[in-house]
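First comes the structure, then the notes that go with it.
These numbers come from the heavy atoms of this one structure, side chains and all, not from hydrogens, waters or symmetry mates.
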Amino acid sequence: QVQLVESGGRLVQAGASLRLSCEFSGRTIISYAVGWFRQAPGKAREFVGGISRSGTTIHYGDSVQGRFTISRENAKNTVYLQMPTLKPEDTAVYYCAGRDLGVLALNTVPVVDSAYNYWGQGTQVTVSS
């Protein structure tokens with residue numbers, strides 16, 4: 001059974017940086033596209049970004065485009081979300097999600113949460129002003 005575990009979230013001041021990790025266990029990550037989502041209190045879950053199986057295709061949500069960076073390290077079964085210069089509006093629970101895709105979809109990045117079939121438990125990021 002596939003399990004995803006996020007880590008790295010914590011309380012920081014505006015302008016600080018964080019790197020979140022999403023570690024897969026149970027199966028190798030190479031068959032999965034991985035997405036990051038976030039949900040702030042009272043708001044809908046939002047697509048932050050995602051990376052394809054191949055790692056060559058990455059999509060970002062409009063609110064983080066140009067700020068956040070997603071990468072994957074298959075040897076460590078881990079995907080990262082680098083978040084520099086954080087803002088209070090980045091405060092949310094951050095989730096990673098995996099979607100197992102075949103070889104014909106090596107460069108596919110699902111951007112809707114319903115396309116993912118495995119989810120982590122989330123990690124809280126709080127940015128104080």
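Cluster partners of Leu11, using a side-chain heavy-atom cutoff of under 4.5 Å among ILVMFWY residues and allowing indirect links: none.
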Check residues 110-118 and write down every donor-acceptor pair under 3.5 Å in which the side-chain atom is one partner and the other belongs to a residue at least two apart or another chain.
from   : atom 1 : to     : atom 2 : distance (Å)
Asp113 : OD2    : Arg45  : NE     : 3.2
Asp113 : OD2    : Arg45  : NH2    : 3.2
Tyr116 : OH     : Pro110 : O      : 2.6
Asn117 : ND2    : Asp100 : OD1    : 2.8

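With sequence neighbours left out, the side-chain hydrogen bond (donor to acceptor under 3.5 Å, both in side chains) criterion links Glu73 to Tyr80. For Phe47, the ring pair (Phe, Tyr, Trp, His ring centres under 6.0 Å) criterion is met by Phe37, not counting sequence neighbours. Taking the side-chain hydrogen bond (donor to acceptor under 3.5 Å, both in side chains) definition, one finds that Thr78 meets it with nothing, sequence neighbours left out.
The salt bridge (Lys or Arg N to Asp or Glu O under 4.0 Å) analysis of residues 56-65, with sequence neighbours excluded, yields no pairs. Legend: side-chain hydrogen bond (donor to acceptor under 3.5 Å, both in side chains) pairs involving residues 89-98, not counting sequence neighbours, sorted by first then second residue: Arg38-Asp90, Arg38-Tyr94, Arg67-Asp90. Screening residues 2-28 for ring-ring contact (aromatic ring centres under 6.0 Å, His included) gives Phe24-Tyr32 as the qualifying pairs, with residues at least two apart or on separate chains. Evaluation of the salt bridge (Lys or Arg N to Asp or Glu O under 4.0 Å) test over residues 23-35, restricted to residues two or more places apart or in two chains, returns none. Evaluation of the disulfide (SG to SG under 2.5 Å) test over residues 99-129, restricted to residues two or more places apart or in two chains, returns none. The stretch residues 53-85 participates, sequence neighbours left out, in no disulfide (SG to SG under 2.5 Å) pair at all. For residues 70-101, every residue pair satisfying the disulfide (SG to SG under 2.5 Å) rule, not counting sequence neighbours, is listed here: Cys22-Cys96.
Panel note: side chain Arg72, backbone Ala33; no donor-acceptor pair is recorded below 3.5 Å.
Between Ser52 and Val109 there is a side-chain heavy-atom pair separated by less than 4.5 Å.
Note that CG of Leu106 is 8.5 Å distant from CG of Leu101, once rounded to the nearest 0.5 Å.
No option in Glu6, Gln82, Met83 other than Met83 meets the side-chain contact (heavy atoms from CB on, under 4.5 Å) test with Leu20.
Scanning both residues, Thr56 and Ser54, for their nearest heavy atoms gives OG1-OG, 2.7 Å. For the residue pair Ala40 and Ala92, the shortest heavy atom distance occurs at N-CB, 3.8 Å. Contact record, Ile51 with Val79: CG2-CG1, 4.2 Å, taken as the closest heavy-atom pair.
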